[in-house]
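Take a look at the structure below.
Predicted, not measured: the structure shown is a model, and the values here were computed from it. Count residues from 1 along the sequence.
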Amino acid sequence: MKKPLPRSTAELARQLGLSRWTVSRALNGHAGIQRETAEKILKAAEESGFAPSFFGRGLRSGKTQLAGLCIPDLVEYFLTSKISHLRKALEAEGLHVMLQMTDGRASEETQAVMRFAAMRCQVVITAASHLPEDSPALASLRAAGIPVVHIDPEAPLHGRISTDRGAAVCRALEHLYDLGHRKIAFLGLDDSTLYGQQRISGLKRGCAKLKLTLGRDVEVFPRPEDGDDFQRGEQLGRELIRRNQGFTGVLGLNDRMCVGAIASFRAVGWEVPRDVSVIGYDNAEFSAHMNPPLTTFDPDLEKLAAKVLQMLNKPASRPPYEVLRIEPRLIVRESTAKPRRS
């Protein structure tokens with residue numbers, strides 16, 4: 001008669017005639033068990049299709065080896081690369097990632113984070129969070145003693161790590177200025193968000209440092225409501241051409257917007273960088289393969305992932321609330337050059 005499939009570590013132990021403690025240690029890769037015994041247990045588990053329950057283990061130990069990751073979506077916030085780097089870093093620490101997407105709604109994010117707390121996730125990470133500091137969801141994590149790190153939150157939350165977008169904008173202005181550009185456009189800026197406000201701050205700092213006048217030498221083209229960023233970039237590029245004010249340098253909100261803008265420039269015979277220089281942001285995988293390859297900013301995702309782990313693993317004796325900033329790196333390629341168009 002065929003043995004029934006084990007539903008628990010205890011059942012597998014009974015079938016093998018071993019203690020549950022021995023079987024549990026073998027399945028979790030712990031030392032202190034004879035090699036032959038461990039191999040016997042692992043083989044039996046594989047043949048029966050048995051895997052230990054993270055949740056049962058969590059109920060006993062208070063730790064599930066689960067990392068809860070909460071994001072609004074993958075496209076609008078361009079989070080695919082961030083998630084990939086974080087997943088690899090967390091798995092290297094022996095954690096298993098559970099992903100929840102919220103469509104950018106605070107109510108959905110609240111429920112997701114509270115589920116992570118109820119499941120006793122070992123750590124929780126949010127990206128582009130919309131939660132306030134006094135959110136019941138964050139209170140539930142604190143009550144459970146679960147460390148949380150917020151990547152680029154929309155609100156100034158404690159325990160956050162942010163990309164210094166203001167520094168990137170300031171550096172972009174400096175790069176174009178050093179090349180000789182004195183009429184510069186910023187395409188797609190939205191000052192209603194925290195990210196947009198950070199960029200505006202960097203724009204003002206850069207203008208003050210370079211003695212440029214915002215609104216005359218440097219102009220902002222607001223982000224349109226409709227379309228994706230490729231379409232918005234094309235729309236803003238056409239608007240820049242229509243104004244015919246002698247712009248020779250362009251900063252795009254992101255690399256996708258630059259793709260659209262460059263398409264609109266080419267439609268009227270402008271070439272990059274002969275007629276206009278263009279700088280993006282994100283260092284998207286396609287940016288190095290554009291024609292010409294796009295000058296852009298790399299948000300340094302490997303460094304960000306490493307800093308997230310440092311914040312999650314910090315000793316309890318350290319201050320509980322920490323704020324870190326990562327400054328993006330300028331990647332100079334062939335889309336920026338000295339101005340030639342009068």
Heavy-atom donor-acceptor pair, [X] side chain to [Y] backbone, under 3.5 Å:
X      : Y      : result
His85  : Ile83  : no
His181 : Thr248 : yes
Ser140 : Ala137 : yes
Tyr195 : Asp152 : yes
Glu133 : His158 : yes
Gln231 : Asp228 : yes
Arg182 : Tyr177 : yes

Is the shortest heavy-atom distance from the side chain of [X] to the side chain of [Y] under 4.5 Å?
X      : Y      : answer
Pro224 : Asp226 : no
Arg232 : Asp229 : yes
Leu157 : Leu138 : yes
Asp103 : Glu108 : no

Examine [X] and [Y] and state if one hydrophobic cluster contains both, with Ile, Leu, Val, Met, Phe, Trp and Tyr joined whenever side-chain heavy atoms are less than 4.5 Å apart.
X      : Y      : answer
Phe230 : Val268 : yes
Leu309 : Val149 : yes
Val278 : Ile331 : no
Leu194 : Ile200 : no
Val220 : Leu210 : yes

Item to check | Stepwise side-chain contact (heavy atoms from CB on, under 4.5 Å) test for Ile279 and His175 | outcome: CA-CA 9 Å; Ile279 300 180; His175 176 63; 3.7 Å; yes
What distance do [X] atom [atom1] and [Y] atom [atom2] have between them, rounded to the nearest 0.5 Å?
X      : Y      : atom1 : atom2 : value
Lys303 : Ile161 : NZ    : CD1   : 9.0 Å
Arg115 : Thr110 : CZ    : OG1   : 10.5 Å
Met257 : Leu189 : CE    : CG    : 9.5 Å
Ile146 : Phe116 : CD1   : CZ    : 10.0 Å
Leu304 : Asp300 : CG    : CG    : 8.0 Å
Arg216 : Gln245 : CZ    : CD    : 12.5 Å

Item to check | Intermediate values then yes/no, side-chain contact (heavy atoms from CB on, under 4.5 Å), Leu187 and Phe247 | outcome: CA-CA 12 Å; Leu187 304 185; Phe247 292 102; over 6 Å; no
Among [options], which residue meets the side-chain contact (heavy atoms from CB on, under 4.5 Å) test with [X]?
X      : options                        : result
Cys207 : Thr213, Asp217, Leu214         : Leu214
Leu86  : Leu69, Ile71, Val97            : Leu69
Ser201 : Arg199, Lys204, Gln198, Arg205 : Arg205

Checklist entry - Looking at Glu109, His150, Gln100, which hits side chain to side chain donor-acceptor pair (under 3.5 Å) with Thr126? => result His150
Checklist entry - So among Asp255, Asn283, Asn254, which one has a side chain to side chain donor-acceptor pair (under 3.5 Å) with Thr296? => result Asp255
Mind listing the closest non-hydrogen atom pair of [X] and [Y] along with its distance?
X      : Y      : answer
Ala305 : Ala89  : CB-CB, 4.1 Å
Ala128 : Pro72  : CB-CG, 3.9 Å
Thr336 : Thr295 : OG1-OG1, 3.0 Å
Met119 : Met98  : CE-SD, 3.1 Å
Val272 : Ser335 : CG1-O, 3.5 Å
Leu90  : Ala67  : CD1-CB, 4.0 Å

Checklist entry - Does one side chain, of Ser287 or Arg333, offer a donor that lies under 3.5 Å from an acceptor on the other? => result yes
Next on the checklist: Run the side-chain contact (heavy atoms from CB on, under 4.5 Å) test on Met290 and Val259 for me, step by step, so that the C-alpha distance in whole Å, both residues' side-chain angles and the decisive distance to 0.1 Å come before the verdict.
Outcome noted: CA-CA 8 Å; Met290 292 171 60; Val259 171; 3.7 Å; yes
Using a strict cut-off of less than 4.0 Å between a Lys/Arg side-chain nitrogen and an Asp/Glu carboxylate oxygen, indicate whether [X] and [Y] qualify as a salt bridge.
X      : Y      : result
Arg274 : Glu271 : no
Arg243 : Glu219 : yes
Arg242 : Glu239 : yes

Checklist entry - Phe265 and Val250: side-chain contact (heavy atoms from CB on, under 4.5 Å), yes or no, with the steps? => result CA-CA 11 Å; Phe265 298 155; Val250 167; 4.2 Å; yes
Checklist entry - Could Arg329 and Phe297 be counted as a cation-pi pair, given that NZ or CZ must be under 6.0 Å from the ring centre and within 45° of the axis? => result no
